[in-house]
Visitor: 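One structure, pasted below without further comment.
Here is the naming used below: chain letters follow the sequence lines, and residue numbers restart at 1 for every chain. Atom set for the values below is all heavy atoms of this structure, side chains included, hydrogens, waters and symmetry mates excluded.
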Protein chains: 2
Amino acid sequence: MAKVGIKDIARIANVSLATVSRTLRTPDLVQEATRQRVLDAVAESGYKPNRMGMNLRTQRTGNIMVIIPDITNPFNADLIRSIEETASNNGYAVLLGDTQSSPEREQQYVDLVEAGQADGMLYFSGRNPFNINPDKPLLEQLPTMVNSNEELDLDGIDKVLLDNAKAASEAVQYLLDLGHTRIAAVTGPMNTKSANGRLQGYRQALQQAGVEIDDKLIIEGDYHIDAGVEATEKLLRLKQRPTAIFCFNDDMAIGAINVLQANDYRIPEDISVIGFDDILYSTYVRPALTTVSQPVQEIGRLCTEKLIARLRGSHDEPTTTYVSHKLVVRDSTGPAPK
Amino acid sequence: MAKVGIKDIARIANVSLATVSRTLRTPDLVQEATRQRVLDAVAESGYKPNRMGMNLRTQRTGNIMVIIPDITNPFNADLIRSIEETASNNGYAVLLGDTQSSPEREQQYVDLVEAGQADGMLYFSGRNPFNINPDKPLLEQLPTMVNSNEELDLDGIDKVLLDNAKAASEAVQYLLDLGHTRIAAVTGPMNTKSANGRLQGYRQALQQAGVEIDDKLIIEGDYHIDAGVEATEKLLRLKQRPTAIFCFNDDMAIGAINVLQANDYRIPEDISVIGFDDILYSTYVRPALTTVSQPVQEIGRLCTEKLIARLRGSHDEPTTTYVSHKLVVRDSTGPAPK
DNA sequence: TTGTAAGCGTTATCAA
DNA sequence: TTGATAACGCTTACAA
């Protein structure tokens with residue numbers, strides 16, 4: 001079957017190319033009878049307008065590029081699902097760029113956007129992938145984009161953010177209120193804004209409570225389960241062990257719980273564990289994980305809506321929207337041991 | 001900054017459009033000096049060939065559409081990651097179609113492929129989304145595609161499959177060997193091939209062992225955690241409770257474990273639980289989950305490689321590749337209680 | 001080795 | 001209301 005094109009429809013319906021196109025795009029401009037003839041031909045032949053031709057002519061692809069470090073992290077998977085749903089409801093498809101945090105991969109996907117393979121992008125990384133000419137206006141040099149999760153050091157672009165410092169500080173305050181003073185932190189990669197923000201909140205809360213900060217209790221992780229495992233093993237070897245461990249995401253907290261239980265610690269009686277993100281599995285881990293909840297669904301929706309508004313031509317001043325976190329207390333935290 | 005195009009480069013380098021294109025696509029055909037002049041102009045101006053023009057002219061987009069029911073299922077997330085990696089290594093980008101098992105969404109994404117927004121697709125659903133004209137050869141009517149996970153009722157297309165019946169039968173046999181006879185099954189949606197195959201294996205193993213099949217012990221799930229929760233609650237209410245529960249995926253097994261523990265059952269002393277997939281979290285659940293492992297990484301790679309081979313023009317006879325499963329015994333299964 | 005020009009499949013402008 | 005035609009940005013056959 002030779003692929004049927006607009007020319008074939010025009011021939012079958014005995015009209016011009018233009019009329020076929022109009023029937024599909026602006027049916028109101030076509031006479032009822034003509035329109036019906038064209039639609040019949042379309043239905044009969046199964047004609048689908050070729051997107052490459054359409055894209056070139058209209059200068060839009062209907063694609064949104066999502067650039068994100070790791071889709072196997074449940075938080076990111078939830079995020080993408082929300083984005084995909086919002087995009088799909090608005091007639092956009094999602095191009096997925098899983099970068100594994102590699103700058104080269106980030107660059108590669110940004111290039112794709114700049115080459116017009118997508119109309120805009122959601123950028124969940126803090127690394128600046130643009131070659132910016134300081135002599136020219138910034139905005140004209142950037143693709144249409146929204147930044148989230150890891151804040152980008154660029155003004156004048158739309159962002160959706162969480163107050164990481166405040167959220168972390170509340171989590172630590174909650175542990176302090178339970179009587180903990182030796183509180184460990186298993187951070188994310190220290191080249192990310194999220195980890196730095198959360199660490200800052202951790203420090204602030206301790207300082208305000210007059211608790212001395214012990215650098216031995218701060219261990220850099222990478223947001224993967226294994227990092228939680230290794231960090232916790234390290235913490236357990238300390239002469240002065242922590243009574244609580246604040247992991248900067250749930251995956252690492254799950255790793256931490258695992259190590260603690262393998263070494264016969266009771267949670268939370270011996271050691272409390274708290275996570276960040278509130279992924280689905282945090283409810284199903286034993287003990288169920290206390291964690292800082294991020295409104296992942298809302299983040300995905302907001303990002304996508306902001307981007308689509310721009311793609312539809314909005315020239316409003318770019319804004320940063322802060323979404324709100326919530327401490328979800330479950331069973332992995334309790335009073336500090338005597 | 002007006003977007004710089006091939007014309008601008010041609011003007012700057014003082015060559016024709018064709019030479020610019022050649023420099024970028026087939027540099028060997030261009031004289032050293034000329035080439036350098038063009039490359040300089042490209043570097044200086046930051047020119048990136050417009051993909052829409054390129055796509056239309058070459059009749060390829062470099063996109064692969066992945067149509068999959070639910071990206072938040074860790075098995076699927078792992079799968080997509082593997083696909084994305086393989087695709088990216090071969091110069092393809094991934095268009096993500098998360099369908100939430102909705103036939104309309106499946107159709108919508110298939111339409112996109114047929115309209116040329118992607119060069120081919122990986123189809124992880126068993127529902128046939130094509131309007132096939134029986135008078136014409138099948139293959140000419142289908143987009144370039146590979147089918148996996150849920151087998152499609154179409155001959156003559158490439159597939160990557162697991163022997164679900166055999167895998168399930170082995171899992172049940174393992175439970176039988178442990179002395180269990182009241183073995184429950186929490187299935188996937190019964191309109192999927194995977195659930196039917198696994199159920200068939202379950203039945204076969206029991207029959208071969210001469211164990212009567214009790215339909216009350218077979219409960220339809222949907223591969224989500226909640227379904228595991230509900231099914232298990234139902235099973236616990238039975239007068240004759242099972243001593244083992246075979247969940248057709250890990251998420252449901254995690255739900256099952258949760259309910260059992262909430263009701264003070266010891267796993268595996270009172271009730272054994274076994275899952276399917278071997279997602280990362282199955283290691284970190286307490287007790288660690290015994291499960292049937294699927295080589296998810298390999299599935300993703302094989303699918304993508306098969307598709308790309310086709311896209312590169314292979315006309316080999318379509319094949320079905322079977323990947324091998326493996327029973328991974330952890331701590332959630334043990335001898336049947338006396 | 002390079003340039004000219006056709007053409008990929010659409011949409012949109014303009015004229016009829 | 002419809003048709004003819006140019007144009008979107010690129011690659012490639014053919015000619016020079």
Visitor: Figure out the CD/P separation between B:Glu32 and C:dT2, and round it to whole Å.
Guide: 11 Å

Visitor: Scan nucleotides 8-10 of chain D against the protein and return all N/O pairs shorter than 3.5 Å with their distances rounded to 0.1 Å.
Guide:
unit_1 : atom_1 : unit_2  : atom_2 : d
D:dC8  : O3'    : A:Gln59 : NE2    : 3.3
D:dC8  : O2     : A:Arg57 : N      : 3.4
D:dG9  : OP1    : A:Gln59 : NE2    : 3.1
D:dG9  : N2     : B:Gly53 : O      : 3.1
D:dC10 : OP1    : B:Tyr47 : OH     : 2.7
D:dC10 : OP1    : B:Asn50 : N      : 2.8
D:dC10 : OP2    : B:Ile6  : N      : 2.8

Visitor: Please collect all side chain to side chain donor-acceptor pair (under 3.5 Å) contacts where either partner lies in residues 126-135 of chain B, sequence neighbours excluded, each pair once.
Guide: B:Glu106-B:Arg127

Visitor: Given the rule in the salt bridge (Lys or Arg N to Asp or Glu O under 4.0 Å) test, do A:Glu32 and A:Arg35 qualify, once you have shown the distances and angles that lead to the verdict?
Guide: CA-CA 5 Å; A:Glu32 168 69 29; A:Arg35 194 196 315 159; 3.5 Å; yes

Visitor: Just how far, in rounded Å, is P of C:dA12 from CG of A:Asp28?
Guide: 15 Å

Visitor: Which nucleotide, C:dT1, D:dT2, C:dT4, lies nearest any side-chain atom of B:Gln31?
Guide: C:dT1

Visitor: Sequence neighbours excluded, which residues qualify as side chain to side chain donor-acceptor pair (under 3.5 Å) partners of B:Ser16?
Guide: B:Thr19

Visitor: With sequence neighbours excluded, tell me which residues meet side chain to side chain contact (heavy atoms under 4.5 Å, CB included) with B:Glu317.
Guide: none

Visitor: Assess the side chains of A:Gln59 and A:Asp119: does a donor N or O sit below 3.5 Å from an acceptor N or O?
Guide: no

Visitor: Starting at CG of B:Asn55 and ending at C1' of D:dT11, how long is that distance when rounded to a whole Å?
Guide: 12 Å

Visitor: Whole Å only: how far is the CG atom of A:Leu24 from the C1' atom of C:dG9?
Guide: 13 Å

Visitor: Could you go through nucleotides 14-16 of chain C and list every protein N or O atom that sits under 3.5 Å from one of its N or O atoms, giving the distance for each pair?
Guide:
none

Visitor: Does A:Ser102 reach the main-chain N or O of A:Glu104 with its side chain, forming a donor-acceptor pair under 3.5 Å?
Guide: yes

Visitor: Once you build an axis from the first five pairs and another from the last five of the helix from C:dT1-D:dA16 to C:dA16-D:dT1, how far apart in angle are they, to 10 degrees?
Guide: 40°

Visitor: Going by atom types only, do A:Ser194 and A:Glu150 share a side-chain donor-acceptor pair under 3.5 Å?
Guide: yes

Visitor: Rounded to the nearest angstrom, tell me the gap between atom CZ in A:Arg11 and atom C1' in D:dG3.
Guide: 17 Å

Visitor: Is there a side chain to side chain contact (heavy atoms under 4.5 Å, CB included) between B:Thr26 and B:Asp28 once you walk through the steps?
Guide: CA-CA 5 Å; B:Thr26 50; B:Asp28 294 351; 5.9 Å; no

Visitor: So, B:Asn90 versus B:Glu305: side-chain donor-acceptor pair below 3.5 Å or not?
Guide: no

Visitor: We want to know whether B:Gln108 and A:Ser88 form a side-chain donor-acceptor pair, criterion being a heavy-atom distance below 3.5 angstrom.
Guide: yes

Visitor: Go through B:Leu161 and B:Val323 one step at a time and tell me if the side chain to side chain contact (heavy atoms under 4.5 Å, CB included) criterion holds.
Guide: CA-CA 6 Å; B:Leu161 298 174; B:Val323 296; over 6 Å; no

